[in-house]
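Starting off with a structure, shown below.
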Amino acid sequence: MNHPLSLYNTLTRTKEPFTPLESPFVGLYVCGPTVYGDAHLGHSRAGVVFDVLSRYLRYVGYKVRYVRNITDVGHLQNDADSGEDKIQKFAKAHQLEPMEVVHHFTNRYHEDLAQLNVISPDIEPRASGHIIEQIQMIEEILENGLAYVSHGSVYFDVPAYNQQHNYGKLSGRVIEDLMTNTREDLEGQEEKRSPLDFALWKKASPTHIMRWPSPWSEGFPGWHLECSAMSRKYLGTQFDIHGGGLDLMFPHHECEIAQSQASHNHTDAARYWVHNNMITMNGKKMGKSLGNFITLRELFTGEHELLQQAYSPMTVRFFVLQAHYRSTLDFSNEALQAARKGYLKVMNGLRILNQLTYPAGAENLDAKAEEEIKKLTAELFVPLNDDLNTAKSIASLFNLLKKINSMHTGGFKLETISQETFEQMRTQYRALVLDVLGLKIEQTADAQSLLEVVLGFYKEAKETKDYGKVDAIRAQLKGQGIVIKDMKTGIDWAYEE
RNA sequence: GGUAACGUGGCCGAGUGGUUAGGCAGAGCUCUGCAAAAGCUCGUACAGCGGUUCGAAUCCGCUCGUUACCUCCA
């Protein structure tokens with residue numbers, strides 16, 4: 001199949017037409033979270049952006065295999081010698097098993113993303129479950145002479161690799177610059193031949209409790225390796241799209257490319273490298289290390305000193321989608337409140353659209369109106385082909401929405417457009433909002449409160465002895481499986497038994 | 001220091017040479033028992049200074065400012 005989608009490829013720094021290796025199949029790999037804490041607003045961006053990408057690819061007919069990993073073996077904290085990783089640190093502090101920690105946060109991550117209506121990936125591999133694959137890849141790199149064993153650890157030989165390949169091709173780094181700019185305070189790694197070398201396997205210190213056996217030592221796989229090993233296992237040595245946050249470009253993705261090239265893959269792994277930009281707070285990147293993050297749970301409940309109110313999951317989703325994924329997006333209460341209103345406006349439009357019925361047999365075509373609706377409808381999806389410009393698609397949505405609202409209030413006569421155009425408009429609007437942007441209706445009113453309103457009227461009707469109304473309310477509620485109970489102490493209701 | 005971006009109206013945020021982005025907030029109008037919703041209309045924009053061009057927010061240069069990566073990070 002041939003679809004005019006183009007994506008910005010970090011490898012080439014240009015927008016390129018997207019053509020899968022084996023159309024209609026698309027392999028998509030996205031770097032998932034390191035599960036040592038709750039997901040924050042920043043995480044939601046990668047989740048939502050690549051959710052929309054996979055939704056759109058499917059919408060236009062591709063068969064997508066979406067793989068997103070869970071990194072649960074921990075990353076090295078600082079220099080390798082400290083030997084303490086984030087997950088372990090957290091585990092000790094709380095007297096928990098490391099697996100207990102990662103399981104806990106994995107579950108919460110799933111819950112949070114589900115709230116955002118992010119569809120679960122097709123495969124969600126865990127680093128801890130792919131130690132064997134990672135060991136195998138290390139062996140391949142050793143066989144190819146691009147890694148070396150040192151004191152029970154294995155390091156990737158960056159200078160040697162760079163003689164055959166181009167280390168830095170993704171992030172635009174020049175190895176000579178990196179050599180001269182290596183931080184002094186990261187030294188103390190006499191095990192490594194070059195400060196640029198990175199660990200493929202790290203021998204565990206005696207106190208390190210996350211460890212696995214390997215040909216070299218009891219230890220754990222280095223950062224970067226899990227993604228190379230798992231993407232290869234489930235998508236092959238070469239696949240279509242690799243996604244992740246911009247902050248992973250270097251060194252993480254750069255190292256992934258090097259590992260894939262240096263192993264028996266001999267490829268850059270992915271053909272299109274796609275990076276989403278960061279969410280900022282007052283212009284500064286939101287991140288765990290900076291401590292300026294707001295978790296999704298805090299957003300949903302409003303429990304954070306910077307939040308003036310709670311923001312629903314769909315508000316957050318809409319907020320993310322109103323910006324292009326490659327731009328930074330600045331958080332503020334005002335921006336979230338604006339997103340909330342915008343989201344509700346779109347959903348009200350959907351509700352209206354569902355109510356509209358075309359007046360059959362009453363066609364009274366107006367060429368101009370017909371043309372206008374056709375044009376506005378056609379513009380809905382077009383921006384998505386231009387590097388997934390959801391912001392522009394949403395703008396198109398609002399433009400069409402004005403007409404839909406006019407149809408509803410009667411200013412725009414439905415019969416002036418053909419039924420075909422009407423149906424097309426309705427189908428496309430729904431498809432964009434529900435299927436591709438992945439927005440859904442959020443219940444704002446709960447049944448209990450609505451019932452209390454009805455019971456209020458019931459009580460009033462009884463007091464005024466308007467028994468016709470009393471009986472009607474009872475009958476209506478009974479139709480909903482609810483019975484009213486008049487007791488001496490007051491009015492209550494129950495589920496009909 | 002190296003590399004890469006960015007700077008759009010009160011706020012958020014599209015837009016890469018000429019046409020209304022859009023949302024929120026604000027003003028006015030229509031509709032309305034009141035209100036809401038909705039529709040219509042309106043306003044202050046493209047950091048600064050040069051340059052290229054018939055024409056630049058959009059290309060080039062310089063200045064100022066902000067950020068990201070170079071360490072774990074979506």
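Each chain gets a letter, A, B and so on, in the order its sequence line appears, and its residues count up from 1. These figures come from a predicted structure and were not determined experimentally.
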(message) By the 4.0 Å heavy-atom rule, please label A:His40 as base, sugar-phosphate, or nothing.
(response)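 Base contact - A:His40 has a heavy atom under 4.0 Å of at least one base atom.
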
(message) Less than 4.0 angstrom from a charged side-chain N to a carboxylate O is my criterion; do A:Asp122 and A:Arg65 meet it?
(response) no

(message) What is the separation between atom CD1 on A:Ile279 and atom C1' on B:rA68, rounded to the nearest whole Å?
(response) 15 Å

(message) Without decimals, in angstroms, what is the distance between A:Tyr167 OH and B:rG2 P?
(response)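 Rounded to whole Å, this separation is 20 Å.
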
(message) Using a heavy-atom cut-off of 4.0 Å across all strands, would you classify A:Gly244 as base, sugar-phosphate, or nothing?
(response)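 Contact class for A:Gly244: sugar-phosphate only.
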
(request) Considering only NZ, NE, NH1 and NH2 on the basic side and carboxylate oxygens on the acidic side, decide whether A:Glu379 and A:Lys375 come within less than 4.0 Å. (result) yes

(request) Take atom CG of A:Asn399 and atom P of B:rG23, then tell me their distance rounded to the nearest Å. (result)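 The distance from CG of A:Asn399 to P of B:rG23 comes to 7 Å, rounded to the nearest Å.
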
(message) Tell me the interatomic distance from A:Phe331, atom CZ, to B:rG13, atom P, rounded to whole angstroms.
(response)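 For the pair A:Phe331 CZ and B:rG13 P, the rounded distance is 12 Å.
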
(request) Pick base, sugar-phosphate or nothing for A:Ala46, based on heavy-atom distances below 4.0 Å to the nucleic acid. (result) sugar-phosphate

(message) Work out how far the C1' atom of B:rG18 is from that of B:rU3, and round it to whole angstrom.
(response) 36 Å

(message) Let's test this: given Watson-Crick or G-U wobble pairing with both distances under 3.5 Å, identify the partner of B:rC6.
(response) B:rG65

(message) Using atom P in both nucleotides, what's the gap between B:rG65 and B:rA25 to the nearest angstrom?
(response) 36 Å

(request) Classify the nucleic acid contact of A:Leu397 as base, sugar-phosphate or nothing, counting any heavy atom under 4.0 Å across all strands shown. (result) nothing

(request) May I ask you to say whether A:Glu442 pairs ionically with A:Arg340, meaning some side-chain N is under 4.0 Å from a carboxylate O? (result) no

(message) From CD1 of A:Ile394 over to P of B:rA21, roughly how many Å is that when rounded to an integer?
(response)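 Distance, rounded to whole Å: 18 Å.
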
(message) Does A:Thr328 reach a base, just sugar-phosphate, or nothing at all? Heavy atoms under 4.0 Å.
(response) sugar-phosphate

(request) Please state the C1' separation for the pair B:rU20 and B:rA14 - nearest whole angstrom. (result)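 Approximately 13 Å lies between the C1' atom of B:rU20 and that of B:rA14.
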
(message) Taking any heavy-atom pair under 4.0 Å as a contact, classify A:Asn276: base, sugar-phosphate, or nothing.
(response)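 Base contact.
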
(message) It should be established whether A:Asn277 places a side-chain nitrogen or oxygen under 4.0 Å from OP1 or OP2 of nucleotide B:rA68.
(response) no

(request) Using a strict cut-off of less than 4.0 Å between a Lys/Arg side-chain nitrogen and an Asp/Glu carboxylate oxygen, indicate whether A:Arg108 and A:Asp112 qualify as a salt bridge. (result)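 A salt bridge is absent here (no side-chain N lies under 4.0 Å from a carboxylate O).
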
(request) May I ask you to say what A:Thr280 touches in the nucleic acid, namely base, sugar-phosphate or nothing, with a heavy-atom cut-off under 4.0 Å? (result)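 No contact.
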
(request) Give a yes/no answer on whether the side chain of A:Lys341 brings an N or O atom under 4.0 Å of OP1 or OP2 in B:rA25. (result)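 It does, given that an N or O in the side chain of A:Lys341 lies less than 4.0 Å from OP1 or OP2 of B:rA25.
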
(request) Find the distance A:Asn389:CG to B:rU16:C1' and express it as a whole number of Å. (result) 13 Å

(request) Let me know which of A:Tyr161, A:Tyr167, A:Trp201 forms a ring-ring contact (aromatic ring centres under 6.0 Å, His included) with A:Phe156. (result) A:Tyr161

(message) For the P atoms, the ones on B:rC59 and on B:rA74, what distance do you get once it is rounded to whole angstrom?
(response) 33 Å

